Number of protein chains: 2
Amino acid sequence: MTTRWLTPEEQRAWRAYIAASRLLEDAIDRQLQQDGGMPHLFYSVLANLSEAPDRQLRMTDLAETLKITRSRLTYVVSRLERDGLVRRETCSWDKRSSLAALTDEGMALLERTAPGHVETVRSTLFDRITPEQVGQLEEICTGIARGLQGEDDGTRAGAEEVPWRRRSSPCSGSPSD
Amino acid sequence: MTTRWLTPEEQRAWRAYIAASRLLEDAIDRQLQQDGGMPHLFYSVLANLSEAPDRQLRMTDLAETLKITRSRLTYVVSRLERDGLVRRETCSWDKRSSLAALTDEGMALLERTAPGHVETVRSTLFDRITPEQVGQLEEICTGIARGLQGEDDGTRAGAEEVPWRRRSSPCSGSPSD
DNA sequence: TAAGTTTGTTTCAAACTTGAACCAAGCGGT
DNA sequence: ACCGCTTGGTTCAAGTTTGAAACAAACTTA
């Protein structure tokens, strides 16, 4: 088939998206690196752990929700562990798995860092778009994500998982990745 | 001020955005790496050069439009140069600058790679959203980008630049970053 | 015109990411 | 129990990114 090139509108949207995502990640990373001494992804790991039951998650599950490779997560967790923010624990019911658990120190850093991070997300993103656009953004993104995740397996079995009871976020206003 | 945490809607939008952008970049990168042997950013450099007057641009200008650091661009261009896809040229009217110029080989690779890339952008993004959402996405992203670029200087002088005449894209249906 | 400053780019080391290869523990037959 | 397959994680080397420092060519101004 003769390539269906992007229309001018699509082209503009695509380029605007690339630019925005690059600038946004840079801004978030810069702030987090400055005030928390860590890149965005590291913060996300802490944030996700803080909301998990017992503040711990299996490596694979964490990688899955963060949309990153297990290999990448291994690195990040090792790094966080080295700094005492996370602890690895063995999984009792599946000897293959290992759990990443948020330490008190990690939780403390997260709580100390969250306000500045959220403020940045606000000033760079939400202050710039209307409430209506917030909804549009969510719809667009969930649509894209739905189409992309697990496209390798097709049988999207719908998260069944372990029936863990969800706790309320320990960070009154959750740290938001 | 007591942190204004994200509302549930904002939270959902933010997380959906993070997920989507991560998945999208991964998909794009994977395809480009497979079929073109290079990551997305490298492709973008070639694409941008292909549309520039004489298929060449100053490093700084290129970095600016790509929203990346000069240092990062230096690396990318060195890499592309090593593979004969780009050539560095000295700038006649400003001895400090150096120009990155697309070689014929680079242009050929771009033309060979563009269809697959565009197809991927289409199937991962545009096939998943409505025409209306394309417009919404563009508006949202340009808004974010506008707020973010050059926030360091405040005096956004509005691109004055050299009055170069723009050529029409050499790739009939442009390669779209 | 000689400082002193700004602008354009590169360099370098440290940090991060990728993907393929590897190991170990579960699982499903036989 | 044994074999082969899948799943959960890590390792390792090669590739990429970051940020600070170094240079060099303009520009400014006394």
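Quick note on labels: first sequence line is chain A, next is B, and so on, each numbered from 1. What you see is a predicted model; the values in this text were computed from it and never measured.
Relative orientation of the B/Phe126 and A/Trp14 rings is perpendicular, given thresholds of 30° and 60° on the angle between their planes. Relative ring orientation between B/Tyr75 and B/Phe42 is described as perpendicular, the plane-to-plane angle rising above 60° on a 0-90° scale split at 30° and 60°.
Note: B/Ile68 CD1 to B/Leu62 CG = 6.5 Å, rounded to the nearest 0.5 Å. Rounding to the nearest 0.5 Å gives a distance of 11.0 Å between OG of B/Ser98 and CD of B/Gln56. Note: B/Glu119 CD to A/Thr3 OG1 = 8.0 Å, rounded to the nearest 0.5 Å.
Counted by atom type alone, B/Glu9 and B/Thr7 present one or more donor-acceptor pairs between their side chains at under 3.5 Å.
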Short heteroatom pairs, N/O only, protein and nucleotides 21-23 of chain D, under 3.5 Å:
none

- Could you go step by step and tell me if B/Thr74 and B/Ser78 meet the side chain to side chain contact (heavy atoms under 4.5 Å, CB included) rule? CA-CA 6 Å; B/Thr74 292; B/Ser78 305; 4.2 Å; yes

- Query: side chain to side chain contact (heavy atoms under 4.5 Å, CB included) between B/Thr65 and B/Asp61: does it pass, once the steps are laid out?
  - Reply: CA-CA 6 Å; B/Thr65 63; B/Asp61 295 338; 5.6 Å; no

- Under the side chain to side chain contact (heavy atoms under 4.5 Å, CB included) rule, what do A/Leu109 and A/Met38 come out as? Steps first, then yes or no, please. CA-CA 11 Å; A/Leu109 175 58; A/Met38 61 185 167; 4.0 Å; yes

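Across A/Leu102 and A/Arg87, no two heavy atoms sit closer than the pair O-NH2, 4.5 Å.
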- Query: How would nucleotides 8-21 of chain C be written as a contact map, 5' to 3', with B for base contact, S for sugar-phosphate-only contact and - for no contact, using protein heavy atoms under 4.0 Å?
  - Reply: SBBB---SBBBB--

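In the helix from C/dT1-D/dA30 to C/dT30-D/dA1, the terminal helix axes, each the rotation mapping four pairs' C1' atoms onto the next four within five end pairs, subtend 20°, rounded to 10°.
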